[in-house]
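Please find one structure pasted underneath; my questions will follow.
The sequence lines fix the lettering, A, B, ..., with proteins before strands; numbering per chain opens at 1.
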Amino acid sequence: SRLTMSESDDDKPLKSSKKEPKPEEDDDDVPLKKAKSSKKENVQSQVKEENAPTAAKESKKKKKTKRKRGDDDDDDDDDDEEDFDTRKKKAPAKKEKSSKSSSKSAKTDGKGQPKKPKKEVKVEPVYEWWKDEQPLAQGKKWRFLEHNGVIFPPNYEPHGVKMKYDGQIISLTPEQEAIATMYAAMSRTDYAGKDVFKKNFWKEFSEKLGKNHAIKDLENCDFQPIVDHLDAEREKKKALTKEEKLKIKQAKEKTEAPYVTVVLDSHLEKNGNFRVEPAGLFRGRGEHPKMGQVKGVIQPEDITMNCSEDACPPRCSLPGHAWQSLVHKDEQTWLAFYKDTINGEFKYVFLSAGSSLKGQSDREKFEKARELKKHVARIRQRITQGLKSSGLEMQQNTALWLIDNLAIRAGNEKDTNEEADTVGCCSLRVEHITLGTDEEGPTIYFNFLGKDSIEYKNLVKLRPKDEEKAKEGEENPCVSFVREGEEKNFRRVVENMRSLTSNSKKPSDDVFDQLNTSSLNTYLKDLMPGLTAKVFRTYNASFTLDQELYKLEDHPEKSSFLRNDATQLKFYNDANYQVAILCNHSRAVSKTFDSQVEKMDEKIKGLHEELADLKKKKKSADNKEQMKKKIANLEERISKQETQKQIKLKLAGVALSTSKVNYLDPRITVAWCKRFGNFPLNKVFNKSLITKFKWAIDEADEDWRF
DNA sequence: ACTGAGACTTGGAATAATTTTC
DNA sequence: GAAAATTATTCCAAGTCTCAGT
């Protein structure tokens, strides 16, 4: 099997090369090794120096013996650095690697090329779990886990800048100043104008001020001096020279190095979020009832640590403090957790997205979605049947139809005193639904706030017979046509929705009054083991991408899509776009969007003028051939500009990244890239995605199907 | 069946880094 | 060569779903 990713050695950003057989980045080898050794040293030395040495040694020994039992090729008994190094290098070599990459090491070393002008695509080293047999017992996530815990934000340093109240200069205690500064820091955000935010903040601020304080209310507070101070600080930071900035960065890297990598079983893994969240004002999304509340300082005493029994436990870096507790839960993947001070929510420290633990569960997620693919016809039949019944069963199947066809979320209940009022399928209310009709038949209009208070507005209707109209609707992201073959079911769904939203119900009543996500999932488990509502989102997203990408196979305009990387990328992004629309993944349009588009318009206009000018000149020119060329050139530039503008408009409020990161089986993309002239994967996956999906890059060949 | 604790995935915004443009 | 635009990364909020206890 030819593997794009892992055989090339050329880490040059493709750029020039169209579709030479030569694969693009895979520079991973090189940086891989480099990074490895340095990192290792960090971790190891850190483990040795910072942790109680005896404990460390002890644990290491145990680990070693363990490892020997596990795989016996590893029996050097010098110190651990070496231990890891050899492992890392050995592991790939001894495993099936050999088959395809005899050239690998040669490549690595054989490149003494000059500096690339462009960015290098470095790929993080990852432990290649998919090449390992996994002898872990059921439910166990690891045998050995050792790490250095978490890193705390620095203590608050009072700046002494005085705010004003009613025109008077006010002195604050450091504690009071700290939260006044948090407030000042948010003065230019939207939160600053929100009553709930101000109310919640004032409650805490006034408490901190105490009774009889000179400051009596928020309205007459003037935080401007602090705001100015913060601005000045920011400016100062910005004004640092390149060298100074670099120095700071390096210092930070150095202090964080011990936390970046952890030991999991017999290899190293990247840690994820080992930085404890700093105190600040809570910024909920949407109309969150708790926005503006102070998110308190987290102390070691709030944190529970998880590591293996035979590991050297993480040392608490704050003098005079201690972790709340130390546990050894090998059926869990978290390294540490604490509860936030807003709603008492759990905050976990996990390994990074590229780690084996995340990778394995990611793969399982997609495998489950593929399992659903095998059963989906049967399940849909069952749903179709169920639509015709009444009571609970009708509700269940109507809800499922929506979940399957519109890719909406399950919709757990929420307590609106504690959280923003958002809904999903099971929690839809009558006020979110509008039934109607148009030329084609019945329609349902959905209008509600979903996760993160993102608007979901969708007019669901039958596809018009008139091609023109169909096309129009297709381009409207707020309209979706009922899937082919589902027309009859849709009519039934509309009838059901009519009865579920009938006049006897208030707008604030639940549509599915007998449903909750838990009973719905119980029902789904019956249809397929392990099936839950969210699997439909994964399934439909991935299935859609697979379908869309395969359309290129015998597309009438295939060759024009394959003309160059840009056109091919556009084809991919259009497919990705379909998914993003399906899943309602949106993003804020930049504040300067309008002016940006205006600029583009002007540019295009300018080019047109230039073109007209050229054409005029051509008539009287002696060198007609050259002029012709120039004109053609310009026309090409204009068309490029115009497509760019189209893309910009199309993607204005749409986020493609969310589906890429969470919903699209990476193997679909990998296969497509391999199928079409080794299309450079790094045009569709950035560095983190390539790291995260290394398993898929290895696994999927060109005819892999979701 | 119901509840709440717990664990893990998913999500957009903020911020940092890089590239493009003028 | 600086400003603007674009892209990658970090941050942390907000979902889903499981499970244990009643």
Side-chain angles (χ1 to χ4, degrees), chain A residues 13 117-121 141 186 189-190 234 237-238 245 249 272-278 280 282-286 288 290-291 295 304 306 329 331-334 337 339-340 342-353 357-358 361-362 364-365 408-415 418-420 422-427 449-454 516-522 524-525 530-538 541 580 583-588 590 592-593 595-596 599-600 603 644 648 651 653-663 682-683 685-691:
Chain A
K118 275 268 226 85
K119 78 167 176 189
E120 267 175 56
V121 184
K141 298 289 167 57
M186 308 226 355
T189 69
D190 291 346
R234 198 171 310 123
K237 224 171 119 189
K238 230 168 93 185
K245 281 181 191 163
K249 200 181 148 199
N273 51 330
F274 51 82
R275 297 176 195 90
V276 170
E277 291 174 18
F282 178 72
R283 308 154 83 114
R285 312 271 167 84
H288 199 294
K290 302 213 167 173
M291 63 171 77
K295 218 170 54 150
T304 298
N306 192 21
K329 300 194 173 191
E331 299 197 339
Q332 252 75 72
T333 67
W334 52 268
F337 84 82
K339 292 185 183 180
D340 78 4
I342 302 293
N343 273 344
E345 307 277 9
F346 288 75
K347 300 276 190 174
Y348 292 92
V349 174
F350 290 116
L351 294 184
S352 74
L357 291 178
K358 292 291 188 192
S361 65
D362 227 25
E364 277 163 27
K365 170 181 75 185
I408 54 182
R409 300 183 186 84
N412 286 317
E413 297 99 289
K414 293 180 79 181
D415 180 351
E418 312 282 319
E419 306 165 276
T422 66
V423 302
C425 187
C426 292
S427 48
L449 296 181
K451 181 178 178 179
D452 290 318
S453 295
I454 297 293
N516 59 44
T517 54
S518 140
S519 72
L520 194 68
N521 281 332
T522 309
L524 284 174
K525 290 258 152 17
L531 186 60
T532 63
K534 81 194 264 283
V535 181
F536 281 93
R537 237 168 113 82
T538 313
C583 295
N584 199 233
H585 289 144
S586 63
R587 58 172 184 165
S590 123
T592 55
F593 180 79
S595 78
Q596 284 170 27
K599 247 185 228 168
M600 285 179 116
K603 196 168 172 187
Q644 248 175 40
K648 195 181 179 79
L651 294 179
V654 182
L656 299 186
S657 58
T658 309
S659 51
K660 249 185 219 175
V661 173
N662 299 302
Y663 287 105
N682 64 0
K683 294 218 179 246
F685 284 173
N686 62 28
K687 186 181 125 199
S688 0
L689 286 180
I690 287 182
T691 304

Assign A/Lys238 to base, sugar-phosphate, or nothing according to its heavy-atom contacts below 4.0 angstrom with the strands shown.
->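 Here A/Lys238 touches no strand at all.
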
Could you pull out all residues at least two apart from A/Phe536 that satisfy ring pair (Phe, Tyr, Trp, His ring centres under 6.0 Å)?
->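 Once residues adjacent in sequence are excluded, A/Phe536 has no partner under the ring pair (Phe, Tyr, Trp, His ring centres under 6.0 Å) criterion.
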
Contact nearer the 5' end of DNA chain B, comparing A/Lys237 with A/Ser361 |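 Closest to the 5' end, via its nearest nucleotide, is A/Ser361.
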
Provide, to the nearest angstrom, the distance between the CD atom belonging to A/Gln596 and the C1' atom belonging to B/dT20.
->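 It is 13 Å, rounded to the nearest whole Å.
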
Classify the nucleic acid contact of A/Ser657 as base, sugar-phosphate or nothing, counting any heavy atom under 4.0 Å across all strands shown.
->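 Here A/Ser657 touches no strand at all.
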
Does a side-chain N or O from A/Thr333 land closer than 4.0 Å to OP1 or OP2 of B/dA7, or not?
->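 For B/dA7, neither OP1 nor OP2 has a side-chain N or O of A/Thr333 closer than 4.0 Å.
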
Where the side chain of A/Asp340 meets the backbone of A/Ile342, is there a donor-acceptor pair that is under 3.5 Å apart?
->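 It does hold such a pair.
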
Verdict with reasoning, A/Asn521 to A/Thr532, per side chain to side chain donor-acceptor pair (under 3.5 Å) | CA-CA 5 Å; A/Asn521 281 332; A/Thr532 63; 4.8 Å; no

For A/Lys347, salt bridge (charged side-chain N to carboxylate O under 4.0 Å, His left out) partners two or more places apart |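 Salt bridge (charged side-chain N to carboxylate O under 4.0 Å, His left out) list for A/Lys347, sorted by chain: A/Glu277.
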
Select base, sugar-phosphate, or nothing to describe what A/Arg537 touches, counting heavy atoms under 4.0 Å on all strands.
->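 If one applies the 4.0 Å heavy-atom cut-off, A/Arg537 turns out to touch the sugar-phosphate alone, with no base involved.
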
Choosing from B/dG11, C/dT9, B/dG6, which nucleotide comes nearest the side chain of A/Ser688?
->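 Comparing B/dG11, C/dT9, B/dG6 against the side chain of A/Ser688, the answer is C/dT9.
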
Does OP1 or OP2 of C/dA5 have a side-chain N or O of A/Lys599 closer than 4.0 Å?
->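 Yes, such a contact exists.
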
Would a distance-only check, ignoring hydrogens and angles, find a side-chain to backbone donor-acceptor pair under 3.5 Å from A/Arg587 to A/Gly653?
->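 Not confirmed, A/Arg587 side chain does not pair with A/Gly653 backbone.
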
Calculate the interatomic distance between A/Phe350 atom CZ and C/dT10 atom C1'; express it in whole Å.
->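 Between C1' of C/dT10 and CZ of A/Phe350: 17 Å.
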
Any idea which of B/dT9, C/dT6, B/dG12 is nearest the A/His585 side chain?
->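 My answer, after comparing the listed nucleotides, is B/dG12.
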
Assign a letter to each nucleotide of nucleotides 12-22 of chain C from its 5' end: B, base within under 4.0 Å of a protein heavy atom; S, sugar-phosphate only; -, no contact.
-> SSBSBBS----

Of the nucleotides B/dT10, B/dA17, B/dG6, which one has an atom closest to the side chain of A/Lys249?
->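 Comparing B/dT10, B/dA17, B/dG6 against the side chain of A/Lys249, the answer is B/dA17.
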
Phosphate-side-chain proximity, A/Tyr348 and B/dC8, N/O vs OP1/OP2 below 4.0 Å |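 So the side-chain polar atoms of A/Tyr348 never come under 4.0 Å of the phosphate oxygens OP1 or OP2 of B/dC8.
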
What pairs with A/Lys358 under salt bridge (charged side-chain N to carboxylate O under 4.0 Å, His left out), at least two apart in sequence or on another chain?
->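 Counting only residues at least two positions away or on another chain, A/Lys358 forms no salt bridge (charged side-chain N to carboxylate O under 4.0 Å, His left out).
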
Ignoring backbone atoms, test whether A/Lys329 places a side-chain nitrogen or oxygen under 4.0 Å from the OP1 or OP2 oxygen of B/dG6.
->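 Negative; the distance criterion is not met.
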
Within this structure, what is the CH2-to-C1' distance between A/Trp334 and B/dC8, rounded to whole angstrom?
->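 Those two atoms, CH2 and C1', are 13 Å apart.
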
Taking only the side-chain nitrogens and oxygens of A/Tyr663, find out if one of them lies under 4.0 Å from OP1 or OP2 of B/dT9.
->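 No, A/Tyr663 has no side-chain N/O under 4.0 Å of OP1/OP2 on B/dT9.
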
Give the rounded distance in Å between these two atoms: CE of A/Met291 and C1' of B/dG12.
->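 Distance check: A/Met291 CE to B/dG12 C1' gives 15 Å.
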
Rounded to whole angstroms, how far apart are NZ on A/Lys683 and P on C/dT7?
->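 These atoms are roughly 11 Å apart.
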
Test side-chain contact (heavy atoms from CB on, under 4.5 Å) applied to A/Ser688 - qualifying residues, sequence neighbours left out |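 Applying side-chain contact (heavy atoms from CB on, under 4.5 Å) to A/Ser688 gives A/Asn686.
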
Write down the distance between CG (A/Leu689) and C1' (C/dT7), rounded to a whole number of angstrom.
->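 Going from A/Leu689 (CG) to C/dT7 (C1'), I get 12 Å.
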
A/Ser519 vs B/dA1: side-chain N/O to OP1/OP2 distance below 4.0 Å =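 The answer is no; no side-chain N or O of A/Ser519 sits under 4.0 Å from OP1 or OP2.
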
Separation of atom CE in A/Met600 from atom C1' in B/dC22, rounded to whole Å =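 From A/Met600 CE to B/dC22 C1': 15 Å.
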
Roughly, in whole Å, what's the span from CZ in A/Arg587 to P in C/dC11?
->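 To the nearest whole Å, that distance equals 22 Å.
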
Does B/dC8 have OP1 or OP2 sitting under 4.0 Å from an N or O in the side chain of A/Lys141?
->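 For A/Lys141, the contact criterion (side-chain N or O under 4.0 Å from OP1 or OP2 of B/dC8) is met.
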
Go through the structure and list residues passing salt bridge (charged side-chain N to carboxylate O under 4.0 Å, His left out) with A/Lys290, not counting sequence neighbours.
->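 Applying salt bridge (charged side-chain N to carboxylate O under 4.0 Å, His left out) to A/Lys290 gives A/Glu418.
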
